[in-house]
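Beneath this line is the structure, given in structure tokens, with notes to follow.
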Amino acid sequence: MPARPLQLASSELLAAWRAEAGTISSALQGVPDCLREQRSATVLDLHFGLGQSFFATWHAFAGQRVQGEGAAHLHYIAILPHPPTADVLHEDLTYAQALRAAWPLPLPGTHRLLLDEGRVTLTLIWGAVEEELARLDAPVDLFYLHADPTRFDPAAPSWHAHACKRLARLAWTGARALVFGAAADVALMAAMRQVGFHGEARDGALALRYAPAWARPATHVAASDTPLRRDLPHARQALVIGAGLAGTAAAERLTARGWCVDLIDAGPEVATRASGNHGGLFMPALARDDSPLARLTRAAFLFASQRLDDLGGVGLDDHAAIRGERCGILQFGRDAKQAISFEQGAQEWQYPPRYARWMSAGETASALGMPTMGGGYFFPEAGWLNPPSVCRRMLAVAQSQGEVRTHFNCAVARLVRVDDQWQALDAAGLLIAQAPVVILAAGAQARVLDQAAGLPLNAVRGQVTHLPATGFPDLPHALCGDGYLTRPYAGQVCMGASYDRFDDSALRADSHAENLARLQHMLPQIAAHMSLPQADADLPGRVGQRCIAPDRLPLVGALPGEAGIYGLLGYASRGLIWAPLMAELLAAMIEREPLPLPRELVAALDPARFGADSAIGLNAPSDPE
């Protein structure tokens, strides 16, 4: 069943959570031990409440870091059926302000927050505990549980054997568990012992250790109950092929984890192909049934919004690291049928106004100062970006975090495995660079390599039309519908984009005509406000090639049958929101960290999902980049 709008914590729940504070503080005195044993330690909290346990763990982690010991990175995962609002979070003098500023909107799903300059990753999952446990993919070193789940969700069932098995599935060998309010709970102790946890009562909690007597999967095997480290079998070195949005985001996320990256591109600089457009929109896609695309773009949009701030902010002045505007986007339906579906979905979902709200035809006309094609969704925190500036900024941040060697004007013709290294060779057979890990982020151009030749990817031509900003109506928002329209930047607005079955790198009059028709469809009286140009081949614009998979979702993860080769491909027209989250997902996969998406959505992105026989269909609408 699709997710539905969240029910926030009631006053009764808030009171119960505040009452837990003393018990939690007492039981957490021994937490620091668990943070010394992994390079990147993971905590799973099923009774987050107002964040008391999180703040206590963050303090312990920071204290160990000051002493030069313990984990280099803390991953903290919390599942909350009824999340609180930011203003009622626990009053922690050191960290509360940072958490409140990053606190997610009340939208169902997985929200990944990067805190403490990226040293702490907080993954908040808004949803029912049992359902979300089944969807979670994370190697857990420490569990925070409560003997009475109804203290945090009145509808939750009591602990039972099946739920305990789900915890054991996530437990890493040597993991601990603190079960609050369970010092005398004999039944729960027995259930946890059956799945491999052993321990004793301590300070009002059960202090357990995961040490099963039976064989574990190969990924979890240890010779004893000592912690099994998740060390990589090779050096943290990668070849990233492609220096557009996908590749520069990969470099940034890998260097944040201590990797050395060789970034290779056939062009003279970043963003010379599909990521080189003058402007593109960053926004989510909504669906009444909360489809995988809607869930993925929601998570991606929210993560990208956070990363834009972390990367230095968006704006048109000299202080902004990325060129663009969070001016809001007004999205019309492509046709009357979709417009009706949009309006019905808005009534059903009642999205938070900061995320999306429905505007009637009268409201859209009032907002834009002219009649429009009808009502639409308004995304107040969305906007437009200049993609090359995003790529340049991500590369600059990657270079500030670690070693990035750039290899521009270098086209990779072959990948050859030599011992434990992949070598990238040019057409003459000369070595460009080598590493144990390869990430293909070159869009449809990746298909020239044998290792990616079987992927069902197509390059789809997209032509964008550039109109002079002088004389163009001063619209306060960017627009999206059958086409898209940015606000002015560097003297021009960007409008498009065509979805063409043919391959022609030159600007074409018929594609310009289609784009002008899209503009008039969204704004039927635009010609009364400006003189529209003739659609001829001399009209300025740009042609790019989108990389598209049959289901219009990205390909993220290990390539089938290719050890050490991964893909960040198939971003179609949504590269500006896909790039940050997909790079975070892939980096987490490679590092064996908790994943920022539930299992079924990760599977929906798997490059192996199509099997051997796949054909791409090109009957797809224009998208916002």
Counterpart residues, side-chain hydrogen bond (donor to acceptor under 3.5 Å, both in side chains), relative to [X] (two or more places apart):
X	value
Ser275	none
Glu132	Arg135
Arg119	Asp116, Glu117
Asp231	Arg229

Can you confirm whether [X] sits close enough to [Y] that some side-chain heavy atom of one is under 4.5 Å from a side-chain heavy atom of the other?
X	Y	result
Phe48	Ile125	no
Arg298	Pro108	yes
Tyr571	Pro554	yes
Asn386	Arg392	yes
Trp172	Arg592	yes
Glu252	Gln401	yes
Leu133	Leu44	yes
Ile439	Leu254	yes

Enter the distance from [X]:[atom1] to [Y]:[atom2] here, rounded to the nearest 0.5 Å.
X	Y	atom1	atom2	value
Leu568	Leu440	CG	CG	9.0 Å
Cys164	Arg169	SG	CZ	13.5 Å
Leu122	Tyr76	CG	OH	8.5 Å
Leu449	Arg414	CG	CZ	10.5 Å
Asn277	Leu385	CG	CG	12.5 Å
Asp45	Ile77	CG	CD1	10.0 Å

With no hydrogens and no angle check, is any side-chain donor or acceptor of [X] less than 3.5 Å from a backbone partner on [Y]?
X	Y	result
Arg546	Arg461	yes
Asp419	Gln421	no
Gln451	Glu562	no
Arg295	Gly109	no
Arg609	Leu605	yes
Arg230	Gln38	no
Gln306	Ala102	no

Pair Leu457-Leu555, side chain to side chain contact (heavy atoms under 4.5 Å, CB included): steps then yes or no: CA-CA 9 Å; Leu457 297 172; Leu555 278 66; 4.0 Å; yes

Aromatic ring pairing Trp58/Phe55, orientation class (parallel under 30°, perpendicular over 60°, tilted between):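 Aromatic pair Trp58/Phe55 classed parallel.
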
Residues in side-chain contact (heavy atoms from CB on, under 4.5 Å) contact with Pro104, at least two apart in sequence or another chain: His111, Leu113, Leu124, Trp126

How would you list, by chain and number, every residue that makes a ring-ring contact (aromatic ring centres under 6.0 Å, His included) with [X], sequence neighbours excluded?
X	result
His73	His75
His59	Tyr95
Phe197	Phe143, Tyr210
Phe303	none

Arg323 atom CZ, over 12 foreign heavy atoms within 6.0 Å: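 Check passes, neighbour count above 12.
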
NE2/His234: more than 12 non-hydrogen atoms of other groups inside 6.0 Å: yes

Looking at every heavy atom in both [X] and [Y], which two are closest together, and how far apart are they?
X	Y	value
Leu597	Ala299	CD2-CB, 3.9 Å
Leu553	Leu296	CD2-CD1, 3.9 Å
Ile432	His407	O-CE1, 3.6 Å
Pro387	Leu245	O-CD2, 4.1 Å
Ala604	Asp551	O-OD2, 4.3 Å
Arg253	Arg307	NH2-NH2, 3.4 Å

CA sep, side-chain torsions, deciding dist, call: Val270, Met394, side chain to side chain contact (heavy atoms under 4.5 Å, CB included): CA-CA 10 Å; Val270 298; Met394 289 194 293; over 6 Å; no

Pairs meeting criterion side chain to side chain donor-acceptor pair (under 3.5 Å) with involvement of residues 429-444, two or more places apart: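 Applying side chain to side chain donor-acceptor pair (under 3.5 Å) to every pair that reaches into residues 429-444, excluding sequence neighbours, yields Gln423-Gln434.
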
Working for side chain to side chain contact (heavy atoms under 4.5 Å, CB included), residues Leu586 and Ile590: CA-CA 6 Å; Leu586 184 60; Ile590 297 173; 4.0 Å; yes

Where at least one partner belongs to residues 426-440, residue pairs that pass salt bridge (charged side-chain N to carboxylate O under 4.0 Å, His left out), sequence neighbours excluded: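 Found none.
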
Sequence neighbours excluded - salt bridge (charged side-chain N to carboxylate O under 4.0 Å, His left out) pairs with any residue from residues 256-271: Arg257-Glu584, Arg257-Glu593, Asp262-Arg405

Chi angles and distances behind the side chain to side chain contact (heavy atoms under 4.5 Å, CB included) call for Thr406, Gln399: CA-CA 10 Å; Thr406 56; Gln399 291 171 326; 4.1 Å; yes

